[in-house]
Amino acid sequence: MGDFPPALGLSAERTERVIRLAATAPSLHNRQPWRFRPLPHSIELHYDPRARLPATDPWDRELRLGCGAALLNLRLALWHEGIEPVTTLLPNLGEETALAEVRGEGRSSASPEQRTLYQAIGDRHTNRRPFRPATVPVEQRHSLIEAVTREGCWPHVVERGELGRLEDMVHRAHRVQLADPRFRAEMTRWTGQGPEASEGVPASAAGPEREPQDRWVLRDYSAGRAKQRVPGKDFEDDPLLLVVCSYHEGRAADLRAGQALQRMLLTATSHGLVASLMSQVIEVEETRQELRRLLGGSPHPRALLRVGYGSHTAPTPRLEPRELLL
Ligand SMILES: Cc1cc2nc3c(=O)[nH]c(=O)nc-3n(C[C@H](O)[C@H](O)[C@H](O)COP(=O)(O)O)c2cc1C
């Protein structure tokens, strides 16, 4: 097999490393919908139509959210390589799958903040286990909020008075999805994967068995093999819940929201925090609109997250960079 195609004046090895880091981003059901085309003067980001999940994500919004998260990683990896990335969203490349084009505008060195976020890339993993009952300090909350704002999106910290309605919405959305055989088929196909799989959510990344007292519904990714709860290790009743919202709808807004989500997740990781997503309420149209009204009617909710202090979790598998080339 030949060398990895080099891009932006980087060696083949460094280009491969940049793509590998981009691909550690989170994606719905770990479908890894991103594809890359390294070229001498740019790296193109595309999506793979085969990675669509039409029952769960019929409008490909979450597919683009995942690609936006990969785009933030790509930008951070380029800064780390001394390249100033200049990004065009939805470039006119004559291909419907093109989501972004990243060019290098001269040499630059990463800022301390970019370095911190870069260092966090490999340590960020979705954590579906109960969190410790410790409050996230105000300064850390502020930096999570700022991370979302910095990527041109709207952060919302769920307030106590909103918890009851939100909980009801999440449960309703969960029931709607479980009643849909097409949704269940997608879950089954991409869930409870064994150690040999390079796509989908491995059973080892699922949280513990659900119990009736659990207030928040985390999806069961264990394919019926959920671990029994450690006695006394219940899910926190009152977690820090954040909603990443965009100002607009549309494909570019999805990509921005993905970058904002990833910047927030990496910021959280750098503070020793962990997070998991509860996307049911965003995926079911009726509850998405209801959540939008709860937030005042103007922002478009893109991701609901639970953030806190948790135990160590292992990375989930990824495709090799070569498999991600166009
Ligand atoms: C748009 C989006 C929606 C997601 N929704 C959920 C969800 O509802 N429940 C969940 O447990 N994980 C959710 N995830 C997390 C993915 O399952 C996770 O990113 C993937 O399995 C890879 O694992 P990692 O994040 O540990 O690298 C979501 C991720 C993305 C990007």
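On a predicted model such as this, the values are computed, not experimentally measured, just so you know. Counting starts at 1 for both ligands and their atoms, following the listed order.
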query: Side chains of Q119 and S270: does their closest heavy-atom pair fall under 4.5 Å?
result: no
message: How far is atom 23 (O) of ligand 1 from the closest protein heavy atom, and which atom is that?
response: T316 OG1, 3.1 Å
Proximity flag R124 to ligand 1, non-hydrogen atoms under 4.0 Å: yes
Electrostatic pair E151:R302 at N-O distance under 4.0 angstrom: no
- prompt: Is the shortest side-chain N to carboxylate O distance from R31 to E199 below 4.0 Å?
  reply: yes
field: Positive for side chain to side chain donor-acceptor pair (under 3.5 Å) with S276, one of H125, R306, R128
entry: R306
message: My understanding is that only residues two or more places apart in sequence, or in another chain, count here; which of them pass side-chain hydrogen bond (donor to acceptor under 3.5 Å, both in side chains) with E249?
response: R288
message: Test your reading of the structure: does Q280 have an N or O sitting under 3.5 Å from an N or O of ligand 1?
response: no
- prompt: Which protein non-hydrogen atom lies closest to atom 20 (C) of ligand 1, naming both residue and atom, and how far is it?
  reply: S27 O, 3.4 Å
task: Indicate whether any N or O donor in one side chain lies under 3.5 Å from an N or O acceptor in the other, for T313 and R129.
output: no
query: Would you call R20 and E320 a salt bridge, using N to O less than 4.0 angstrom?
result: yes
- prompt: Would you say L65 and ligand 1 have an N/O pair spaced under 3.5 Å apart?
  reply: no
query: Using a distance-only test with no angle check, is there a side-chain donor-acceptor pair under 3.5 angstrom linking T15 and R17?
result: no
message: I'd like to check which ligand 1 atoms, numbered from 1 as shown, lie under 4.0 Å from a non-hydrogen atom of R219.
response: 7 (C), 8 (O)
- line: Across all chains, not counting sequence neighbours, the side-chain hydrogen bond (donor to acceptor under 3.5 Å, both in side chains) partners of R160 are D238
Proximity to ligand 1 by part of R318, non-hydrogen separation under 4.0 Å: side chain
- request: Indicate, as side chain, backbone, both or neither, the part of N30 found under 4.0 angstrom from ligand 1 when only non-hydrogen atoms are considered.
  value: both
- prompt: How does H125 reach ligand 1, by side chain, by backbone, by both or by neither, if only non-hydrogen atoms under 4.0 Å count?
  reply: both
- line: shortest atom 5 (N) of ligand 1-to-protein heavy-atom contact is with S279 OG, 2.6 Å
query: Which of the listed options, L28, T126, N127, L63, holds the heavy atom that is closest to atom 25 (O) of ligand 1?
result: T126
query: Which residue supplies the protein heavy atom nearest to atom 12 (N) of ligand 1, what is that atom called, and how far is it?
result: R128 NH2, 3.4 Å
query: Are any of the heavy atoms in V201 under 4.0 Å away from ligand 1?
result: yes
message: Could you identify the single nearest non-hydrogen protein atom to atom 9 (N) of ligand 1 and state the distance to 0.1 Å?
response: L277 O, 3.0 Å
field: Protein heavy atom at shortest distance from atom 19 (O) of ligand 1
entry: P26 CB, 3.1 Å
field: Nearest-0.5 Å distance, CG of residue L72 to CZ of residue R263
entry: 6.0 Å
